Amino acid sequence: MTPTIKDVATAAGVSIGTVSKVINNSGFVSDKIRERVLLAISLLNYKPNALARSLKQAKTRMIGMTIEDISNPYMMKIMKSVEDVANEMDYSVIFCSHNNNPEQEKKALQWLIEQRVDGIVMVPTGRNLDELNLPQTIPVMLVDRKVENTRFDTVVHENRNTSITLVQHLYFHGYRELLYVHGALSHSAEVERYQGIVKAIELLGLDPLKQSFVEVDANRDDISQTVRAYLEAAGLPDGIYATNEKALAGTVKALWDMNVSVPDDVGVVGFGDIDTYGILRPSFTVAKEDPHEVGKIAAEILFERLENGKQQLQPKEFLVTPKLSIGTSCGTHSR
């Protein structure tokens, strides 16, 4: 297998940006680090793509990134991670948001192409990307969501098994009649988390007739009103699983507004972190995503594609496993 710039970086114990600086003789690299990189290049017999390097001057040294919502803290963490890797590679990043609107997504991508970006990282709306007519010459990385029949690499969180684990956590604390607050099933992550719920109900032998589902939109206040209206009409379940951080935040707000005590009146778990500083009481049991790692992997692979001067023939899927953080929102021990 032909060694890549990532292999050199791993062997030398440095970032791919540092390797790029040594190869292109740009930016500051200490003599000690330079020697390590050159040694790794020699030992691996690494040869930078000649064509890609000859076209270096024709590059804009810019990459584009399209995201759902530029004000979303989760998206901001992905953006920051992509930008950090780009800075190491002496690239700039142009950010665009599409607000989950396919037409806005199309316009944003067309604008990025007109700016002659060298590559694109995108959080897709979920539409068929063939309709967007993305040039074969521009490497594209998809993050956070999957798209059917795509030719592009994807970096996403593992959702199904993590969702099963969260339902199991409620079950092991004695909760049997559960409410699942989930987002729109047009989102691949929500579909996979929903599939995990269905599988967990089967595996745990929960009574399907005593399980309830409420679909909510992406606005926290709207979520809170929807959940409160449901609870006031149907009554409290034993436990609640919210499948994303906005759904969790909206659910918790609804419970607070109703003076419902967690976990005394209802147990709660969620997918996504709503307590960055760890100050909420009770502390909530959640599956913590790692948007920084998602952005880092996506950016590094994108720059590897740029270095090699070609797209991956077969698209690959890279999974980042969320970390289960155990709190006291289901009680401190099993019922």
Side-chain angles (χ1 to χ4, degrees), residues 73-74 157-183 185 187 189-208 210-216 218 220 223-224 226-228 230-231 234-258 260-291 320-335:
Y74 174 84
H157 283 100
E158 194 291 313
N159 292 300
R160 289 188 188 89
N161 290 332
T162 304
S163 196
I164 291 173
T165 300
L166 288 167
V167 179
Q168 287 175 329
H169 186 83
L170 286 166
Y171 179 88
F172 292 147
H173 280 76
Y175 303 109
R176 298 292 185 269
E177 298 181 17
L178 307 178
L179 169 64
Y180 308 94
V181 183
H182 64 86
L185 297 181
H187 188 314
E190 290 294 326
V191 170
E192 291 176 347
R193 293 168 195 177
Y194 186 93
Q195 291 170 343
I197 291 170
V198 173
K199 187 64 177 178
I201 292 172
E202 175 191 340
L203 291 173
L204 298 171
L206 290 169
D207 185 348
K210 294 182 179 180
Q211 313 306 306
S212 302
F213 295 82
V214 173
E215 182 173 318
V216 294
R220 190 200 67 178
I223 293 169
S224 177
T226 300
V227 173
R228 179 169 183 171
Y230 174 84
L231 295 176
L236 282 178
D238 292 340
I240 300 175
Y241 165 29
T243 63
N244 61 70
E245 59 185 27
K246 288 185 178 180
L248 179 58
T251 298
V252 171
K253 183 177 186 300
L255 295 173
W256 284 349
D257 290 345
M258 295 172 67
V260 173
S261 175
V262 178
D264 295 335
D265 299 325
V266 62
V268 178
V269 298
F271 208 121
D273 189 12
I274 61 170
D275 190 14
T276 304
Y277 298 102
I279 59 176
L280 290 180
R281 292 295 178 269
S283 56
F284 284 84
T285 294
V286 296
K288 287 188 175 181
E289 298 158 301
D290 193 345
V320 176
T321 302
K323 179 181 179 181
L324 188 66
S325 176
I326 305 296
T328 57
S329 57
C330 293
T332 56
H333 54 78
S334 299
R335 287 184 170 186

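For reference, positions follow the sequence shown, starting with 1. Remember, predicted model here, so these are calculated numbers, not experimental data.
- Side-chain atoms of Tyr175 come within 3.5 Å of backbone atoms of Cys330 as a donor-acceptor pair (strictly under, hydrogens ignored).
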Show, in sequence, the C-alpha distance, side-chain angles and deciding distance for Val167 and Leu178, and conclude whether the side-chain contact (heavy atoms from CB on, under 4.5 Å) test is met. CA-CA 9 Å; Val167 179; Leu178 307 178; 4.1 Å; yes
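- The aromatic rings of His169 and His173 are tilted relative to each other, their planes meeting at an angle between 30° and 60°.
- Judged by distance alone, with hydrogens and angles left aside, the side-chain atoms of Thr162 form a donor-acceptor pair with the main-chain N or O of Glu158 at under 3.5 Å.
- No side-chain heavy atom of Tyr230 sits under 4.5 Å from any side-chain heavy atom of Val181.
- Although no hydrogens or angles enter the test, the distance criterion places no donor-acceptor pair under 3.5 Å between the side chain of Asp265 and the main chain of Pro263.
- Side-chain contact check for Tyr171 versus Leu206: some heavy-atom pair is nearer than 4.5 Å.
- Judged purely by atom type and a 3.5 angstrom limit, Gln211 uses its side chain to pair as donor or acceptor with the backbone of Asp207.
- A 4.5 Å side-chain heavy-atom check between Tyr180 and Thr243 finds every atom pair outside the cut-off.
- Applying the side-chain contact (heavy atoms from CB on, under 4.5 Å) test between Ile201 and each of Leu204, Ile197, Leu203 identifies Ile197 as the sole match.
- Counting all heavy atoms, side chain and backbone alike, Ala247 lies closest to Val216 at CB-CG2, 4.2 Å.
- The closest side-chain heavy-atom distance from Leu255 to Val268 is below 4.5 Å.
- At distances below 3.5 Å, at least one donor-acceptor pair connects side-chain atoms of His187 with backbone N or O atoms of Ala189.
- Contact of the Pro237 side chain with the Leu231 side chain is registered, since non-hydrogen atoms from C-beta on lie closer than 4.5 Å.
- In this structure, Leu179 and Ser212 have side chains that are in contact, with non-hydrogen atoms separated by less than 4.5 Å.
- The shortest side-chain heavy-atom distance between Phe271 and Glu245 does not fall under the 4.5 Å cut-off.
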Please evaluate residues Asn244 and Glu190 with respect to the criterion side-chain contact (heavy atoms from CB on, under 4.5 Å), reporting the C-alpha separation (whole Å), side-chain torsions for both, the decisive distance (0.1 Å), and the verdict. CA-CA 8 Å; Asn244 61 70; Glu190 290 294 326; 2.9 Å; yes
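- Within the model, atoms CH2 of Trp256 and OG1 of Thr251 stand 12.0 Å from one another, a figure rounded to the nearest 0.5 Å.
- When Val262, Ile274, Val252 are each tested for a side-chain contact (heavy atoms from CB on, under 4.5 Å) with Leu280, only one passes: Ile274.
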side-chain contact (heavy atoms from CB on, under 4.5 Å) between Asp273 and Glu289, intermediate numbers included: CA-CA 7 Å; Asp273 189 12; Glu289 298 158 301; over 6 Å; no
Please lay out, stage by stage, how Tyr194 and Phe213 fare under the test ring-ring contact (aromatic ring centres under 6.0 Å, His included). CA-CA 10 Å; Tyr194 186 93; Phe213 295 82; 5.2 Å; yes
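- Using modelled atom types, no side-chain atom of Ser163 and backbone atom of Gly196 make a donor-acceptor pair closer than 3.5 Å.
- Between His182 and Arg193 the shortest side-chain heavy-atom distance does not fall below 4.5 Å.
- Once rounded to the nearest 0.5 Å, the distance linking CD of Gln195 with CD1 of Ile164 reads 10.0 Å.
- Judged purely by atom type and a 3.5 angstrom limit, Ser283 uses its side chain to pair as donor or acceptor with the backbone of Thr328.
- Distance alone, capped at 3.5 Å, is enough to place a donor-acceptor pair between the Asp238 side chain and the Arg176 backbone.
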Run the side-chain contact (heavy atoms from CB on, under 4.5 Å) check on Leu166 and Leu324 step by step: do they pass? CA-CA 8 Å; Leu166 288 167; Leu324 188 66; 3.6 Å; yes
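- Minimum heavy-atom separation, Leu248 to Gly272: CD2-O, 3.7 Å.
- Glu192 contributes atom CD, which lies 11.5 Å from atom CG of Leu185 (distance to the nearest 0.5 angstrom).
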